[in-house]
Amino acid sequence: MSSPLRFDRGHTDDLMAFLMAGPTPYHAVATAAARLEKAGFRQVEETAAWDATTGGKYVLRGGAIVAWYVPEGAAAHTPFRIAGAHTDSPNLRVKPQPDTGSHGWRQVAVEIYGGTLLNTWLDRDLGLAGRISLRDGTHRLVNIDRPLLRVPQLAVHLDRSANTEGLKLDRQKHMQPVWGLGEVREGDLIRFVAEEAGVDPADVTGWDLMPHPVEPPAYLGRDRELLAGPRMDNLISVHAGTAALAAVAGLPDDQIPYIPVLAAFDHEENGSQSDTGADGPLLGGVLERSVFARGGSYEDRARAFAGTVCLSSDTGHAVHPNYGERHDPTHHPVANGGPILKINVNMRYATDGSGRAVFAAACEKAGVPWQTFVSNNSMPCGTTIGPITAARHGIQTVDIGVAILSMHSARELCGADDPYLLAGALATFLAG
């Protein structure tokens, strides 16, 4: 029997809007929450007492969201089915004292976040977005989505070796964007951001701001079979997980044998060690409180976790046409070939044979093709939230994702069909 939870190219069209609406993790989770609200979910506060009501619920914490749907009649020991992802992408982030400059140029002081490809941020029109914290303890999202900043590259006339010996960028000296001319004045940037957000600059006491490319996503190629855009790593998975959870929540409750969950964490690109990262207590706390709110005991919690499975969805590498030797010779994931199963025997990915069977069954039921990714033995393997989730919570975890090119670039590339194929596989998995 095939799954009724199917998606099409319209999902990819919607992904493009999601990418534009999510220039920062804070915006991405706010957008996901708004979509879940439309599907009947409601926010629950971590500081409030939770009850045994059924239906869709979600928790927001910074740049992370955990959402779940409790069907009518679910027992306290009912296992969870989790779609895991992360909301952050490698980028530039504004320093605590951002106003800087030299030689008549006004600049913004930034740090490098994660393993970004620095050269892809050069000569690109950048906006500025993020979260500002106010004196009363509240936060305000801000998105200046127009050309504001630019990291100018040195002209080839002044660096004749750039094309022959390779471009060499100093993370401190060469990555500070310009945003105007004239004298550097302390407080200028935050005053400007506050005014854009419609708040009194004197009320702003903290900020988490980051430049972002303002060029919108676009279909690419003669037949529009490719998609180029920012932050695909890993908003492709956040978007797919959100759509999948909303679709499953629309099924009759008696057709949902598990409790489906979306867990989208921040800070994966720098190790996941934060209160909103996968190595923090957020997911375990939410799942445990869900069990206990339904009258469960520690024994029920143990039973639920023992039967739980997580599909950790993150982007992986499609075979590169110009660098085929960098890939494993027998594993060449291709664009539009369907989601990839990510395997590493040293547990940089959490997948084992049992997890492979779970994923294969979901794809078969969904009618979705799938591929396998393994790193070249001569190359170090990256990692994801998968091994962290498995080790921290004792939950069976399978690493999957969409194969892309230009990972960690300011603008990445994937097959235009793969996002909806991933969403179909996740929805069928969550539905059990």
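It should be emphasised that the depicted structure is a prediction, and the values quoted were computed from it without experimental measurement.
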Pick from Thr24, Asn91, Asp145: which one makes a side-chain hydrogen bond (donor to acceptor under 3.5 Å, both in side chains) with His212? Asp145
Under 30°, 30 to 60°, or over 60°: which ring-plane class applies to His327 and His332, parallel, tilted or perpendicular? perpendicular
Residue pair His267 / Ser272, side-chain donor-acceptor N/O under 3.5 Å: no
Does any part of the side chain of Val66, heavy atoms only, come nearer than 4.5 Å to the side chain of Val261, both counted from C-beta? yes
Taking the side chain as every heavy atom from C-beta outward, state whether Met16 and Tyr219 have any pair of such atoms under 4.5 Å apart. yes
Start with the C-alpha distance between Arg185 and Asp99, add both sets of side-chain angles, then the distance that settles salt bridge (Lys or Arg N to Asp or Glu O under 4.0 Å), and finish with yes or no. CA-CA 7 Å; Arg185 294 184 295 271; Asp99 297 290; over 6 Å; no
Could you walk me through whether Gln396 and Ser354 pass side chain to side chain donor-acceptor pair (under 3.5 Å), step by step? CA-CA 9 Å; Gln396 182 183 20; Ser354 176; 3.0 Å; yes
Would the number of heavy atoms belonging to other residues, nucleotides or ligands and lying under 6.0 Å from CG of Asp136 be above 12? yes
Could you grab the distance from atom CG of Asp159 to atom CG of Leu167, nearest 0.5 Å is fine? 7.0 Å
Checking the side chain of Asp399 only, and the main-chain atoms of Ala350 only, is there a donor and an acceptor separated by less than 3.5 Å? yes
Testing the basics here: between Leu430 and Arg81, what is the closest heavy-atom pair and its distance to 0.1 Å? CD2-O, 3.2 Å
Quick one: sort the His239 and Phe18 rings into parallel, tilted or perpendicular, breaks at 30° and 60°. tilted
Before you tell me yes or no, could you show the steps for Trp68 and Tyr58 under ring-ring contact (aromatic ring centres under 6.0 Å, His included), namely the whole-Å CA-CA distance, both residues' side-chain angles and the distance that decides it to 0.1 Å? CA-CA 6 Å; Trp68 66 104; Tyr58 68 90; 8.5 Å; no
One pair to check against salt bridge (Lys or Arg N to Asp or Glu O under 4.0 Å): Lys57 and Asp51. What are the steps and the verdict? CA-CA 11 Å; Lys57 307 175 185 182; Asp51 57 36; 3.7 Å; yes
For the student: nearest non-hydrogen atoms of Pro25 and Met210, plus distance: CD-SD, 3.9 Å
For Ser312, the option from Thr389, Val398, Ile385 that meets side chain to side chain contact (heavy atoms under 4.5 Å, CB included): Ile385
Is the closest side-chain heavy-atom distance between Thr120 and Arg411 below 4.5 Å? no
Around Trp105, counting heavy atoms of other residues, nucleotides and ligands shown, do more than 12 lie under 6.0 Å from its CH2? no
Assess whether atom CD of Glu37 is packed by more than 12 heavy atoms of other residues, nucleotides or ligands within 6.0 Å. yes
Please tell me if the side chains of Asp123 and Arg150 come closer than 4.5 Å, counting only heavy atoms from C-beta onward. yes
A quick test of your reading: do over 12 heavy atoms of other residues, nucleotides or ligands sit less than 6.0 Å from CD of Gln97? no
Counting only heavy atoms not in Glu196, do more than 12 fall under 6.0 Å of its CD? yes
With a distance cut-off below 6.0 Å to the six-membered ring centre and an angular limit of 45° from the axis, does Arg301 pair with Phe305 as a cation-pi contact? yes
For the residue pair Thr116 / His408, report whether a side-chain donor-acceptor contact shorter than 3.5 Å exists. no
Assess the pair Trp179 and Phe192: is the distance between their ring centroids shorter than 6.0 Å? yes
What's the verdict on salt bridge (Lys or Arg N to Asp or Glu O under 4.0 Å) for Arg124 and Glu215, showing C-alpha distance, side-chain angles and the deciding distance? CA-CA 9 Å; Arg124 192 178 291 274; Glu215 183 183 3; 3.8 Å; yes
Kindly determine whether Val59 and Gln43 satisfy side chain to side chain contact (heavy atoms under 4.5 Å, CB included), including the steps that lead there. CA-CA 6 Å; Val59 165; Gln43 183 176 2; over 6 Å; no
Between Arg135 and Asp200, is the salt bridge (Lys or Arg N to Asp or Glu O under 4.0 Å) condition met? List the steps. CA-CA 10 Å; Arg135 196 173 301 280; Asp200 187 340; over 6 Å; no
